[in-house]
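First the structure, in the form of structure tokens, and then the observations on it.
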Amino acid sequence: MAFGYRLDATDREIGRIAIPAMGALAADPLLSLVDTALVGALGRIPLAALGINLAVFTTLFVVFNFLTYGTTAEVARHRGADDEVGAVTYALQALWMALALGVVLLVLLQATAPLIAQAMGATGEVRDPTLVYLRIRALAAIPFLIIMVGHGVFRGLKDTTTPLKIALWANGVNIALSYVLIHPVGMGIAGAAWGTVIAQLGAAAVFLRQGSQALGSPVFRFDPTAMRRMIRVSRDLFLRTLSLLSATLITTAIAARMGITVVAGHQVVREVWTLLALTLDGFAIAGQAMVGTALGARRADLAYQQTKRLLGWGVATGIVLAPIVLLLGGIAPRLFTRDMGVLVEIDQVWWFMAALLPIGGLVFIADGILMGMGDLRFLLWSTALASLGALVPIGLAALWLDGGIVGLWIGMAGLMLVRGVTCAWRLSPPGWERALAQNAL
């Protein structure tokens, strides 16, 4: 984006928000990547069990990312309209919802762990390590959701530096604890789970303290009116994420049925893709905060100018990352496993993952812009179309036709193409005007 353009105030603000956000967004997949590398040294069975578990927890936790995205957009809009009380009130209701949902999620995970393992194809020798990790990691349900609210509050305030610092601290704790518990102590896959749980408990405590300071020590009371507003905002975000991650979960279950080697290889590639996607998503965070603030101030012209610059930066970053990732294909996978069968599976689709990065730069940034606009119904239906109309059918076809891991990643390409086309139309001038009219902006 910078080529042929002179960096202006919009570009500088994008960088100020997006660059720290990229680091913070990479924190959770980095936790998973650390576990993948450490557990991978134990062999293919623990690695396969970890892959199944991380797919489950990604689905169960990220489906509640409306706690982050909804909070970011609403806090930004209230701040844009100089409504400080409204911003604080919305943030507090998000915290109450996180606590309630965390308790429910914890109980459900503990009660249904065997059923979840069975549904994910964790049978035979993979079953026991899958259950061990699942039951321990479930203890992080409440702190994880609190962390999500914390990220949303600070992003809405256009402060992405504080979440980055907390994420770096949590990752350091996780790396040290997981290594000690897995290897010197000899806890195996259980050590990886405990390391992550303890790190997230600490991060949640820090977010609560820092958030209270940033919001001016607010009164923690329940506000029914603000809660109803939050539920309305959250509904479409919840369903949108549910459709996307359910499709991803189904794909992992399909991989498990293709064999331990396939699901282990798919796990490594999927985790690297998630890390890269969330890194690009730093521009989406800038989009949520900047577009939400501009529209809250009734500056639709400024919001559209920011939209064009954000999309340009996202696509350009994807283009730069693609060849770098491709060149790392001979090195990076070997950080996670030494199993030659798993490495063969990874090598088949590594180039596929790299080739999807430019379109990912468009799609992930468009998501953030649409959230900042409050265009959540369109985001829901376009994502559901791509997930359930492309990824799942192609994945099932790969299973039936013995397409292996390549077939699974053809499905991923279909998902990204459908999302790219629909988002590009919505953010073109005709689609933009229609979105503004439909959302009364």
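In this text the structure is predicted, and so the values were computed from the model without any measurement. For the numbers below, each heavy atom of this structure counts, side chains included, while hydrogens, waters and symmetry mates do not.
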Under 3.5 Å donor-acceptor, T10 side chain and Q306 backbone: no

Whether F283 and W313 hold their rings parallel, tilted or perpendicular, with breakpoints at 30° and 60°: parallel

Validation row: L356, M412 side chains within 4.5 angstrom (heavy atoms): yes

Charged N-O contact under 4.0 Å between D375 and R377: no

Plane angle bin for F378 and W425 - parallel if under 30°, tilted between 30 and 60°, otherwise perpendicular: tilted

Side chains of F144 and F64 in contact at under 4.5 Å (non-hydrogen atoms): no

Within 6.0 Å of CH2 in W169, more than 12 heavy atoms from elsewhere: yes

Close side-chain approach of I147 and I166, heavy atoms under 4.5 Å: no

Backbone of L379 reached by a side-chain donor or acceptor of S382 within 3.5 Å: yes

Any donor-acceptor N or O pair under 3.5 Å, side chains R270, Q267: yes

N/O donor-acceptor pair under 3.5 Å between T383 side chain and L380 backbone: no

Any side-chain heavy-atom pair of T130 and V56 under 4.5 Å: no

Check: D367 and R240 side chains under 4.5 Å, non-hydrogen atoms: yes

Shortest non-hydrogen separation from A366 to C423 and the atoms involved: CB-CB, 3.6 Å

Pairwise distance CG(N65) to OG1(T241) - rounded to 0.5 angstrom: 3.5 Å

L417 atom CG: more than 12 heavy-atom contacts under 6.0 Å: yes

Y179 OH: over 12 foreign heavy atoms closer than 6.0 Å: no

Min side-chain heavy-atom separation E13-R309 under 4.5 Å: no

Q93 side-chain N/O to T89 backbone N/O, donor-acceptor pair under 3.5 Å: yes

From CG (L237) to CZ (R232), nearest 0.5 Å: 14.0 Å

Rounded distance (nearest 0.5 Å) linking atom CD1 of I189 with atom OG of S178: 11.5 Å

Atom pair CG/CG of L244 and L388 - distance to nearest 0.5 Å: 9.0 Å

Closest approach of L67 to A94 (non-hydrogen atoms, all atoms of both residues): CD2-O, 3.8 Å

Straight-line distance of D159 CG to Q210 CD, nearest 0.5 Å: 9.0 Å

Ring geometry between W273 and W409 (parallel below 30°, tilted from 30 to 60°, perpendicular above 60°): perpendicular

Beyond-backbone contact of L208 with L95, side-chain heavy atoms, under 4.5 angstrom: yes

Value rounded to 0.5 Å, distance of CG in L139 from CG in L201: 8.5 Å

Exercise: identify the closest heavy-atom pair between L181 and G195: CD1-N, 4.1 Å

Taking every non-hydrogen atom, the tightest pair across A113 and L134: CB-CD2, 3.7 Å

R16 atom CZ: more than 12 heavy-atom contacts under 6.0 Å: yes

